Amino acid sequence: MSDNRDIIVKNLSYTYPDGTPALKDVCFEITKGENVALVGQNGAGKSTLLLHLNGVIENNNGCITIVGKQLDKKNVPDIRKKVGVVFQDPDDQLFMSTVFDDVAFGPINMGFSEETVKERVKKSLQKVGLSGFEERCPHHLSFGEKKRISVATVLSMTPDILLLDEPTSNLDPGGRRNIIETLKTLDSTKIIASHDIESLLEICDNAILMDKGRVVATGRSEDILTDIELLNSHGLEAPSIVKMLGDDVIPLLRDNFDSSQIKRHEKTIKKAISKKRKKEIFCK
Amino acid sequence: MSDNRDIIVKNLSYTYPDGTPALKDVCFEITKGENVALVGQNGAGKSTLLLHLNGVIENNNGCITIVGKQLDKKNVPDIRKKVGVVFQDPDDQLFMSTVFDDVAFGPINMGFSEETVKERVKKSLQKVGLSGFEERCPHHLSFGEKKRISVATVLSMTPDILLLDEPTSNLDPGGRRNIIETLKTLDSTKIIASHDIESLLEICDNAILMDKGRVVATGRSEDILTDIELLNSHGLEAPSIVKMLGDDVIPLLRDNFDSSQIKRHEKTIKKAISKKRKKEIFCK
Amino acid sequence: MTHFDIDKYAYLKSPFHNFDPRAKVLCFLLLIFSIVLLNDIRVLLIAFISTIILVLISKIPLLFILKRFKWVALFIFAVLVVLPFTVPGENAFYIGFLSVSHSGILLATRVSLKAFSVMLLIFPMLSTMKFVIFIKTLEHFKIPDKLVQMISFIYRYIFVVSNEFQRTLRSVSSRNVGKKTRIFRHHILSNIIGMTLVRSYERGERIRIAMLSRGYNGNMKTLNSFRMTKKDLIKCSIIIIWSISLHVIVLTKILDLARVVNSV
Amino acid sequence: MVHIADGILAPEIWISGFILTGVLLIYTLSKIKIEDVPKISLVASAVFVSSLLYVPLGPSSVHLLFVGLAGILLGLGAFPAVFLAVVLQAFLFQHGGVTTIGINSLTMGLPALISYGIFVVVIKKLSWKKRFVFGGSLAGGIAILLAVLLTSTVLVVTGKEFIGLVVLLVASHIPVIVIETVLVGGITEFLQKVKPEMLVEVKK
Ligand SMILES: Nc1ncnc2c1ncn2[C@@H]1O[C@H](COP(=O)(O)OP(=O)(O)OP(=O)(O)O)[C@@H](O)[C@H]1O
Ligand SMILES: Nc1ncnc2c1ncn2[C@@H]1O[C@H](COP(=O)(O)OP(=O)(O)OP(=O)(O)O)[C@@H](O)[C@H]1O
Ligand SMILES: [Mg+2]
Ligand SMILES: [Mg+2]
């Protein structure tokens with residue numbers, strides 16, 4: 001295919017039925033295999049945007065193209081096969097009476113054989129660190145466990161495009177690490193909406209910054225997510241590690257801060273600190 | 001009063017009706033005005049514990065004393081007046097048809113005059129950064145906005161004891177900052193269950209670490225929440241800034257990492273790094 | 001997530017919006033019962049027109065009322081379609097080979113006039129106040145405590161249930177791809193409803209706790225308190241007198257008199 | 001459509017409807033515990049909400065009643081639940097009538113109570129594994145059947161001219177009976193698996 005753009009959004013606007021404007025003239029393009037961070041204040045419109053890309057919200061105000069197909073009533077079923085969503089609230093995601101049934105729901109619908117389905121369920125549960133939870137009722141789990149199962153229900157479908165709304169919220173740091181590592185190994189095109197900028201820096205190549213329903217900046221995540229002034233001016237904050245080290249932090253982050261790495265990176269860190277200091281002095 | 005212990009929990013065990021054990025022989029005491037961090041893996045039993053302290057889960061297996069009163073059927077209504085809870089899931093918390101009514105619900109029930117109620121609502125909404133949302137419907141908000149309103153509904157009651165389950169999850173970094181600063185200024189005794197260890201280090205004096213329903217460590221939060229090995233052995237991780245700087249990070253954290261502070265703290269940082277390095281070498 | 005628009009127009013300003021809720025409910029109930037007890041089709045027409053005037057005064061947007069019509073409309077539609085053909089009586093005219101009876105049309109008209117009048121009256125009565133206020137009003141009427149508590153919980157839970165239902169639907173549809181057999185679909189539907197019930201049940205329980213922990217003790221308190229004013233008394237009297245006069249018109253046969261006078 | 005609107009029934013009928021409903025209400029209310037109030041309200045809301053839902057069926061659609069389900073979940077409490085659902089439907093959605101609240105509560109509430117009885121008998125007397133599906137289906141289906149029959153009776157008693165309406169009513173509810181038989185069975189099984197404490201307590 002000559003066109004390797006997986007997602008094209010053009011002039012998308014949306015107002016909720018109660019009159020709250022949520023998206024205003026949103027435009028962007030995402031190429032195959034790209035990992036995109038979606039950041040913005042509470043209420044910026046991130047979830048609303050993701051709900052559009054899977055056809056959950058119907059809207060004729062704008063134009064969305066997914067893997068070459070325009071998103072409309074006719075194409076929605078086809079597109080949903082390609083797009084997996086993890087909702088922000090895990091209660092929106094889980095509805096079967098056992099964890100197994102819930103994770104198997106997607107693959108069964110896609111028509112896989114029993115063998116394959118079982119295989120897929122097992123693998124996905126492993127990836128989120130909840131092997132052995134097959135027979136539990138998803139409804140009777142801790143909040144974080146529910147969140148992990150939500151991720152598993154989508155992983156089991158290995159969709160071409162993954163939309164993740166706050167995949168790491170309410171996860172314990174270990175679980176967060178797991179999800180991050182899993183996401184890094186997946187080839188799918190991904191959009192990740194999150195307030196956990198540190199994780200985003202680790203996973204994503206590019207970033208989209210939203211404010212009050214508009215896209216206000218797009219670019220490489222190293223540039224956008226470490227730009228303290230830009231973030232501040234849109235109600236966000238850089239993670240403290242970035243505040244301290246600036247964009248020198250990226251290689252450290254991607255190496256996951258093993259104590260041994262600290263040693264290896266000592267030079268970078270010192271350099272970063274003195275650079276910062278100079279800037280301080282220079283600014284005054 | 002000679003006894004200034006606000007919360008005493010003795011030998012508390014609990015198993016959910018479906019047979020999942022959630023608490024095992026939990027014991028601890030919390031003095032008036034203390035800020036306590038409650039950490040542990042997903043499913044460790046944090047929410048279950050908090051639900052006990054407000055009498056939401058009834059349980060005769062153990063003994064809970066709140067502000068000198070034993071928690072039993074008879075005392076529950078009295079105790080609930082003293083204890084405010086922010087649930088992990090904001091949808092459990094919001095039940096009126098406008099944000100104003102929801103935030104006013106507590107104060108009205110406490111019998112305040114109309115003036116005072118309006119005043120309190122206004123202030124609480126200000127504190128969570130959602131002034132002007134009074135007439136919106138709480139169910140038609142973004143997830144993070146709901147979370148903020150949940151916090152406001154409890155702030156408006158200024159209870160003696162505050163139980164917060166993940167107060168910062170799903171908040172944008174600015175909102176998170178707001179909540180942290182607000183919590184720091186409140187005099188109430190607080191227990192905060194969270195995976196956001198960085199915030200906890202900033203707010204809390206003491207910490208309780210849980211694993212699989214047991215309390216496995218208690219102590220000053222500087223000691224517990226920066227102990228990388230301890231955290232790792234219970235499935236948690238220290239924030240990357242702690243990984244880098246160890247417990248030298250505390251003063252920096254409490255100063256909130258202003259660029260200007262970086263300069264002031266340069267020495268600490270450099271010292272921390274070289275200390276770490278020495279430890280590295282020493283360990284090998 | 002629908003909120004059913006229950007309180008949507010409780011914030012407007014009209015003579016009915018600032019009517020004392022207790023008096024308002026009683027007066028309107030009286031009017032409703034009085035209209036249903038009418039049989040004279042001409043008086044019914046007068047009553048119907050007066051109903052429309054009341055609705056206009058209440059400022060509730062007509063579009064909103066029309067949307068709600070679909071529920072009654074179903075029943076009325078059935079009545080209008082069936083009765084004229086099935087009620088035996090003097091023939092009025094034919095549609096195709098079906099005969100339409102005089103008395104059928106009359107009956108159908110009478111039934112629809114009553115049904116529509118009542119449904120219209122509910123708007124100025126209830127859409128002009130917040131539902132919480134209605135619940136408080138019931139408390140004033142000495143309705144058994146258990147019932148009042150149930151109503152206020154039901155009101156809360158309606159939203160819980162519909163929210164949970166829509167959420168479940170949403171999650172199913174986002175992963176529901178490919179073709180399924182009938183059996184599978186029925187299995188899914190009972191699962192969805194069952195899960196909605198369980199979720200609502202648990203969510204409802206947690207919300208109840210949240211209410212309790214914020215000082216709820218069985219009655220919904222809001223910032224309003226009721227006061228009867230002179231204006232309320234006047235409004236009351238107007239509605240009560242009107243309800244009674246509808247029947248006076250029938251009893252005294254004024255309308256027939258008019259015809260007699262005319263023919264003379 | 002089993003809700004009768006205002007204006008059809010003769011005053012004697014709807015007044016006796018109110019009286020009977022009142023008696024049944026007082027009796028059932030005295031039997032339920034205050035702790036059960038939230039659960040009853042919840043099921044009432046569920047009945048209420050689902051009665052606003054339309055299930056597509058071929059070219060047309062039907063709406064479900066779940067009276068039987070209310071019986072299975074609440075036992076005697078089903079009556080006040082159905083009563084309140086009827087009241088709110090009339091007042092909030094102009095669905096049904098005001099003067100017919102009594103009659104409508106009876107035609108829907110009695111079947112709920114009866115299906116509760118059926119369910120209890122099935123669960124007590126049978127011991128095979130699928131008895132919950134069976135009991136649920138039976139209760140769900142019979143409840144609708146009874147509701148339709150009761151409504152028809154009321155209409156016929158009011159006047160012979162309504163026989164045409166009765167035919168339409170019965171015909172349009174045959175699919176509902178089938179759907180609810182299947183659905184309530186499935187739901188009962190689901191609940192028995194996931195949250196058995198929601199079903200009405202059956203002492204063996
Ligand atoms: N169901 C709804 N009805 C009406 N308005 C809504 C609804 N859901 C969200 N909104 C509004 O739309 C805007 C965008 O909401 P959205 O949920 O997309 O934000 P978000 O970026 O995902 O925020 P968060 O970080 O809190 O999840 C907000 O102003 C919100 O109040
Ligand atoms: N309603 C329930 N029924 C049965 N088991 C439950 C229920 N809620 C939680 N559990 C189980 O109880 C244990 C403790 O759960 P709890 O919600 O207290 O964990 P938590 O520490 O709050 O976790 P998280 O960080 O994910 O919120 C977990 O093993 C969980 O699976
Ligand atoms: Mg969101
Ligand atoms: Mg929890």
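The chains referred to below are lettered A, B, ... by the order of the sequence lines, with proteins before strands, and numbering in each begins at 1. Just so we're clear, the structure is a prediction, and the values are computed from it rather than from any experiment.
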Original post:
Would one find more than 12 heavy atoms of other residues, nucleotides or ligands at under 6.0 Å from atom NZ of A:Lys24?
Top reply: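 Enclosed.
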Original post:
Side chain, backbone, both or neither: which part of B:Thr20 has an atom under 4.5 Å from a heavy atom of chain A?
Top reply: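 For B:Thr20, the contact with chain A is made by the side chain alone.
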**OP:** Measure distances from B:Asp89 to the heavy atoms of chain A and classify the residue's part below 4.5 Å as side chain, backbone, both or neither.
**Re:**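 B:Asp89 touches chain A through backbone and side-chain heavy atoms alike.
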Original post:
Which residues satisfy the salt bridge (Lys or Arg N to Asp or Glu O under 4.0 Å) test with B:Arg136, sequence neighbours excluded?
Top reply: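 Per chain and number, B:Arg136 pairs via salt bridge (Lys or Arg N to Asp or Glu O under 4.0 Å) with no residue.
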**OP:** Using the test salt bridge (Lys or Arg N to Asp or Glu O under 4.0 Å), find all partners of A:Glu135 that sit at least two apart in sequence or belong to another chain.
**Re:**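 A:Glu135: no salt bridge (Lys or Arg N to Asp or Glu O under 4.0 Å) contacts found.
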Going from [atom1] on [X] to [atom2] on [Y], what distance comes out if it is rounded to the nearest 0.5 angstrom?
X: A:Asp172; Y: B:Ser194; atom1: CG; atom2: OG; answer: 11.5 Å
X: B:Glu237; Y: A:Arg176; atom1: CD; atom2: CZ; answer: 7.0 Å
X: A:Asp92; Y: B:Asp91; atom1: CG; atom2: CG; answer: 8.0 Å

Original post:
What are the residues of residues 37-47 of chain A, in order of number, with any heavy atom under 4.5 angstrom from a heavy atom of chain B?
Top reply: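 Within residues 37-47 of chain A, the residues under 4.5 Å from chain B are A:Gly40, A:Gln41, A:Asn42, A:Gly43.
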Subject >> For chain B, which residues of residues 141-153 of chain A have heavy atoms nearer than 4.5 angstrom >> reply: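 Within residues 141-153 of chain A, near chain B: A:Ser142, A:Phe143, A:Gly144, A:Glu145, A:Arg148.
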Subject >> Close side-chain approach of A:Asn170 to B:Gln88, heavy-atom, < 4.5 Å >> reply: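 They are in contact (side-chain heavy atoms under 4.5 Å apart), so the answer is yes.
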**OP:** Can you tell which part of A:Asp196 gets under 4.5 Å to a heavy atom of chain B, answering side chain, backbone, both or neither?
**Re:**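 When you check distances to chain B, no heavy atom of A:Asp196 falls under 4.5 Å.
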Original post:
So, for A:Ile197 and B:Pro173, which heavy atoms are closest and what is the spacing to 0.1 Å?
Top reply: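 What the structure gives for the nearest pair is CD1-CG, 4.3 Å.
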